[in-house]
Trainee: 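Dropping the structure in here first, questions after.
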Amino acid sequence: RMQQGAVNIQAASWTSDGNGRYKQTVTVPTGFDMDDFTITVRISGSHIIYPSIERLSSTTFRIYTPDNSLTYIATFR
């Protein structure tokens, strides 16, 4: 059976990157490693989106958005 987890990426936590985008650093759920899973991102209660994601370590990544009013849900498999 495939392991699955999710993280809420809250609108209130976006910070400006100074280039017209907003960013957040996200820690993956316990038991996951950035090299061993797929991330699917949805706008809360809506469709799949394809934001820029930057790997920072085996357990953290930075996600970017042009709209800091949105809450995302990242699902890991």
Trainee: With heavy-atom distances below 4.5 Å as the criterion, would you say the side chains of Thr15 and Lys23 are in contact?
Mentor: yes

Trainee: Do Ser69 and Asp67 meet the criterion of a side-chain donor-acceptor pair at a distance under 3.5 Å?
Mentor: yes

Trainee: Would you mind writing out the side-chain donor-acceptor pairs for residues 46-53 within the sub-3.5 Å range, not counting sequence neighbours?
Mentor:
none

Trainee: Quick one: salt bridge (charged side-chain N to carboxylate O under 4.0 Å, His left out) partners of Arg21, sequence neighbours excluded?
Mentor: Asp17

Trainee: Once side-chain contact (heavy atoms from CB on, under 4.5 Å) is applied, do any residues pair with Thr27, and if so which ones, sequence neighbours excluded?
Mentor: Thr60

Trainee: Quick one: hydrophobic cluster around Tyr64, which other residues, with the 4.5 Å side-chain cut-off, linked directly or via members?
Mentor: none

Trainee: Using the test side chain to side chain donor-acceptor pair (under 3.5 Å), find all partners of Asn19 that sit at least two apart in sequence or belong to another chain.
Mentor: none

Trainee: Flag yes if Ile73 and Val28 sit in one hydrophobic cluster, no otherwise; membership is Ile, Leu, Val, Met, Phe, Trp, Tyr, and two members link when side-chain heavy atoms are under 4.5 Å apart.
Mentor: no

Trainee: Do the side chain of Gln24 and the main chain of Gln10 share a donor and acceptor less than 3.5 angstrom apart?
Mentor: yes

Trainee: Taking side chain as C-beta onward, heavy atoms only, is Pro66 less than 4.5 Å from Tyr22?
Mentor: no

Trainee: Begin with the C-alpha distance, continue with both residues' side-chain angles, and end with the deciding distance and a verdict on side chain to side chain contact (heavy atoms under 4.5 Å, CB included) for Ile9 and Thr71.
Mentor: CA-CA 6 Å; Ile9 301 169; Thr71 293; 5.9 Å; no

Trainee: With sequence neighbours left out, write down each residue that passes side chain to side chain donor-acceptor pair (under 3.5 Å) with Ser16, or none if nothing qualifies.
Mentor: none

Trainee: Could you go step by step and tell me if Thr75 and Ile39 meet the side chain to side chain contact (heavy atoms under 4.5 Å, CB included) rule?
Mentor: CA-CA 6 Å; Thr75 303; Ile39 303 171; over 6 Å; no

Trainee: Suppose we screen for ring-ring contact (aromatic ring centres under 6.0 Å, His included). Which residues come up paired with Tyr72, at least two apart in sequence or across chains?
Mentor: Trp14

